[in-house]
Enquirer: 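Have a look at this one before I ask anything.
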Amino acid sequence: MNILIIGTGYVGLATGIALALKSNKVYFFDKDKEKIKHLSSGQLFFYEPDLQSALEKAISNNRVYFFDMLDKVNEKVDAVFLCIGTPVLKNGKTDLKNIKQAVCDIKKYFGQDIVIAVKSTINPDVFEFIKREFNSNNFHIAVNPEFLREGNALKDTLNPSRIVIGTEDNYAKSMLNNIYRDFDAPKIFTDPISAILIKYASNTFLATKISFINEIANLSDNVGGDIDDIALGIGLDPRIGKDFLKAGIGFGGSCLPKDAKNVIHFSRSKNINLGIIKEAVLINDTQFLVVIEKLKENLGNLKGKVVAVLGLSFKGGTDDLRDSISIKLINELLREGIIVRAQDYLSYEKAKEILKGVFISNDVYMTAKGADAIVIATDWKEYPKADWKKIRNLMKGNLIIDGRNILDKENLKNLGFTYKGIGRK
Ligand code: UDX
């Protein structure tokens, strides 16, 4: 099958490379010429290890082609996957600029029995707009949301928990069923609006689960419980499940915060109040402030104190800084008059452009030097394995605030640290 992918972010590339590995020919289009130049030479422009090697393989097998102009794609295309970003404007509405351009280009250069599968996260009004624009027998529209996690992009795309195909068009339904025939996952055939709501409900449920456990962690901190035991105790109930019950300083990234805010805004325009989701966002907006409280409790006046923040990416295993809680936290620490030193294994260079005047490095030890306190802001797997004895000797103080509850607290206490987790005893 010939497949065109519009948009080469995490979703577009993971989808396209996965389909190329399943023996399709995949044409990628992105209006960003620099990105296309990188990709054509086999280079991802973000960190995603499995995807990098799969891209190289797909190029050498002549399965993928990259374009910065759609009119250069001279092949008959069976399906187009819309994978462009849908940023939210300041007024809370979706910025339709990219979608409008893509719709216009597809109509101009392609036609005749082509399936348009919308992977970008869109609300029902945006879907109605797309449907109206493609109102011709040549175009067959479906909503096919994506559930991949950054850091696992290719694995999640090749082994999805489910494939959702939302369409009222039989041609689109059978084409997408065929495209996904070799994927071992339950397929849910539904209407487009339900497919859209599945995506919003999934991401906001995950967001709510995190805010829920963070709220319980704050209670646990106050009354002397242990959130690890509590999460285990509730997570073993199969109706609740143990995933996404890791307490910390909150969720970030390009999806959970944006999708939650977007669906709240959209629902308000329909006079529907999404109270639970609103509360989940509110809790998340202030959860990181527990770090400031803990610093004050242990260090007193914070002005002039040196704090080393370990982790800048929104989660471990990625270089993505979008909606990173660590960045929000650092800005707040700076407002408190704290001297911040920061570290990340992958995003440290990018972070220098955002956090002017902050010492930023990729080295934990250099960053910890002279610090009164350390704050773990990202769940990098490397942190528990660091040489904490060495870190203790490099620091001026001995306070650790583990904002992701990933360190071995007993070991740290034995090394002379004052350890504070989030809701941990
Ligand atoms: C998320 C969804 O998981 C994915 O299905 C969707 O397609 C895109 O959005 P991603 O943004 O890659 O994926 O990140 P995810 O792994 O979900 O983590 C999101 C945030 O929640 C991170 O900041 C992470 O640190 C935080 N988190 C996650 C917690 O604080 N506690 C948890 O238990 C889990």
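Whatever order the structure lists ligands and atoms in, that order sets their numbers, starting from 1.
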Enquirer: Show the numbers, then the answer: is there a side-chain hydrogen bond (donor to acceptor under 3.5 Å, both in side chains) between D344 and W380?
Expert: CA-CA 9 Å; D344 195 279; W380 277 105; 3.0 Å; yes

Enquirer: Please say whether the positively charged group of R322, taken as NZ for Lys or CZ for Arg, lies over the ring of F314, i.e. under 6.0 angstrom from the six-membered ring centre and within 45 degrees of the axis.
Expert: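 The answer is no, since R322 fails at least one limit relative to F314.
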
Enquirer: With S174, which residues qualify under side chain to side chain contact (heavy atoms under 4.5 Å, CB included), at least two apart?
Expert: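 S174 satisfies side chain to side chain contact (heavy atoms under 4.5 Å, CB included) with no residue once adjacent residues are dropped.
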
Enquirer: Does the side chain of Y365 come under 3.5 Å of the side chain of D387 through a donor N or O and an acceptor N or O?
Expert: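 Per modelled atom types, Y365 and D387 side chains form no pair under 3.5 Å.
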
Enquirer: For ligand 1, list all ligand N or O to protein N or O distances below 3.5 Å, rounded to 0.1 Å.
Expert:
unit_1   : atom_1 : unit_2 : atom_2 : d
ligand 1 : 5 (O)  : F147   : O      : 2.8
ligand 1 : 7 (O)  : F147   : O      : 3.4
ligand 1 : 7 (O)  : L148   : N      : 3.4
ligand 1 : 7 (O)  : L148   : O      : 2.8
ligand 1 : 12 (O) : E150   : N      : 2.7
ligand 1 : 12 (O) : K315   : NZ     : 3.0
ligand 1 : 14 (O) : K315   : NZ     : 3.3
ligand 1 : 16 (O) : K315   : NZ     : 2.9
ligand 1 : 23 (O) : G252   : N      : 3.0
ligand 1 : 23 (O) : F314   : O      : 2.9
ligand 1 : 30 (O) : R404   : NH1    : 3.4
ligand 1 : 31 (N) : K246   : O      : 3.0
ligand 1 : 33 (O) : L245   : N      : 3.4
ligand 1 : 33 (O) : K246   : N      : 2.9

Enquirer: Could you check whether F244 and F212 have their ring centres less than 6.0 Å apart?
Expert: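 Ring-ring flag for F212/F244: false, centres at least 6.0 Å apart.
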
Enquirer: Would you check, one step at a time, whether the test side-chain hydrogen bond (donor to acceptor under 3.5 Å, both in side chains) holds for Y47 with E150?
Expert: CA-CA 9 Å; Y47 177 80; E150 286 182 27; over 6 Å; no

